[in-house]
Visitor: 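Here it is, the structure, as structure tokens.
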Amino acid sequence: MGNGVLHRGAIFLVLILAAFGVAPAAAANAGLACFYGQLRSKAHDKYYVSVELDYTGSSYGMLRARSFDGKGEWEQLEMCRLGGNKVAFHSTANGKYVSAERDYVGTNMGMLRARATSIGDWETFYEECNAPGADDWCAYKSKATGYYVSAEIQNTGSNYGMLRARGISIADWEMFHYYYGKP
């Protein structure tokens, strides 16, 4: 019975979003309720999150809150609803799911990177939003690390605005808004 309720809920979400002109994502996420959009950080001038595809090695695909307009290909993230308050993010620029790097240490611990080909614990986040009708900001807690995603606006250079699953409580650095639809 629970799966039937979840299925009806997913259909209802699809119908509501379609009424507002938001189409489900393409076949790359077949079977999931995924929607195009952009993620915006509440910290520091409310920058949009970008996937760094020019980075190499263990920083390839790093997510950073650094884009002012959110209209570029690197800022397009599909949000996939996994049931309940669980979500995953999928980069449309490189076709990879966003992972929280649980095994990284130091200032890179919990770094978010678009690098996975499937969804597991490292790619699953719990969405915690304000009450309906509030200001629509949400926090995302990593299933892998148990910490909230934070925009590291104190960092400088190529790590400025890096997203890391390392927050123990929710403040502006841990708040994000997901804008459904293409810019």
Visitor: On a heavy-atom basis, which atom in Gly146 and which in Lys141 lie closest, and how many Å separate them?
Guide: O-CE, 3.0 Å
Visitor: Roughly how far, to the nearest 0.5 Å, is the CE atom of Met162 from the CD1 atom of Ile153?
Guide: 13.5 Å
Visitor: Using a 4.5 Å cut-off on heavy atoms from C-beta on, say whether the side chain of Arg40 contacts that of Tyr179.
Guide: yes
Visitor: Assigning hydrophobic clusters by single linkage (Ile, Leu, Val, Met, Phe, Trp, Tyr; side-chain heavy-atom cutoff under 4.5 Å), is Phe176 placed with Tyr48?
Guide: no
Visitor: Between Glu123 and Phe89, is there a side-chain heavy-atom distance shorter than 4.5 Å?
Guide: no
Visitor: Is the closest side-chain heavy-atom distance between Tyr160 and Glu152 below 4.5 Å?
Guide: no
Visitor: Is there a continuous path of hydrophobic side-chain contacts, each under 4.5 Å between heavy atoms, that joins Leu163 to Tyr147?
Guide: no
Visitor: Following the transitive rule for hydrophobic clusters with a side-chain heavy-atom cut-off under 4.5 Å over Ile, Leu, Val, Met, Phe, Trp and Tyr, establish whether Tyr55 and Tyr97 coincide in one cluster.
Guide: no
Visitor: Please report the C-alpha distance between Tyr47 and Arg64 in whole Å, then the side-chain angles of each, then the deciding distance to 0.1 Å, and finally whether the side chain to side chain contact (heavy atoms under 4.5 Å, CB included) criterion is met.
Guide: CA-CA 9 Å; Tyr47 282 171; Arg64 292 176 54 212; over 6 Å; no
Visitor: Report the C-alpha distance between Glu128 and Tyr148 in whole Å, list the side-chain angles of each, state the deciding distance to 0.1 Å, and finish with yes or no for side-chain hydrogen bond (donor to acceptor under 3.5 Å, both in side chains).
Guide: CA-CA 10 Å; Glu128 298 179 17; Tyr148 292 100; 2.9 Å; yes
Visitor: Give every residue pair that meets the ring-ring contact (aromatic ring centres under 6.0 Å, His included) criterion with at least one member in residues 105-126, sequence neighbours excluded.
Guide: none
Visitor: If you measure from OG1 on Thr145 to CG on Leu112, what distance do you get to the nearest 0.5 Å?
Guide: 8.5 Å
Visitor: Of all residues at least two apart in sequence or in a different chain, which pass the salt bridge (charged side-chain N to carboxylate O under 4.0 Å, His left out) check with Arg102?
Guide: none
Visitor: Measuring only between side-chain heavy atoms, which start at C-beta, is Gln76 closer than 4.5 Å to Tyr36?
Guide: no
Visitor: How about Thr124 and Val87: do any of their side-chain heavy atoms sit closer than 4.5 Å?
Guide: no
Visitor: So do Ser59 and Met111 actually touch side chain to side chain, heavy atoms under 4.5 Å?
Guide: yes
Visitor: So that I can tick it off, tell me whether Arg66 and Glu52 are bridged by a salt bridge, with the cut-off set at under 4.0 angstrom between side-chain N and carboxylate O.
Guide: yes
Visitor: Can Trp137 and Cys129 be said to form a side chain to side chain contact (heavy atoms under 4.5 Å, CB included), step by step?
Guide: CA-CA 6 Å; Trp137 294 97; Cys129 299; over 6 Å; no
Visitor: Under a 4.0 Å threshold between the charged nitrogen and the carboxylate oxygen, would Glu127 count as salt-bridged to Arg81?
Guide: yes
Visitor: Output yes when a side-chain donor or acceptor of His177 lies under 3.5 Å from a complementary backbone atom of Leu39, and no otherwise.
Guide: no
Visitor: Output the distance between atom SG (Cys34) and atom CE (Met79), rounded to the nearest 0.5 Å.
Guide: 10.5 Å
Visitor: In Å, rounded to the nearest 0.5 Å, how long is the span from OG of Ser150 to CD1 of Ile170?
Guide: 10.0 Å
Visitor: Scan Met109, Arg115, Met62 and name whichever one has a side-chain contact (heavy atoms from CB on, under 4.5 Å) with Glu101.
Guide: Arg115
Visitor: With side chain to side chain contact (heavy atoms under 4.5 Å, CB included) as the criterion, how do Asp54 and Tyr60 come out once you've worked through the C-alpha distance, each side chain's angles and the decisive distance to 0.1 Å?
Guide: CA-CA 7 Å; Asp54 283 343; Tyr60 173 79; over 6 Å; no
Visitor: Would the number of heavy atoms belonging to other residues, nucleotides or ligands and lying under 6.0 Å from OH of Tyr178 be above 12?
Guide: yes
Visitor: Is any side-chain N of the basic residue among Glu174 and Lys42 closer than 4.0 Å to the acidic one's carboxylate O?
Guide: no
Visitor: Nearest 0.5 Å, please: how far is CG in Leu77 from OG in Ser50?
Guide: 8.5 Å
Visitor: Taking C-beta and beyond as the side chain, do Phe35 and Glu78 meet within less than 4.5 Å on heavy atoms?
Guide: no
Visitor: Any chance you could measure Ser142, atom OG, to Asp121, atom CG, to the nearest 0.5 Å?
Guide: 8.5 Å
Visitor: Main chain of Ala165, side chain of Tyr140: is a donor-acceptor contact present, judged purely on distance under 3.5 Å?
Guide: no
Visitor: Show your reasoning for whether side chain to side chain contact (heavy atoms under 4.5 Å, CB included) applies to Asn155 and Thr107.
Guide: CA-CA 9 Å; Asn155 289 356; Thr107 59; 6.0 Å; no
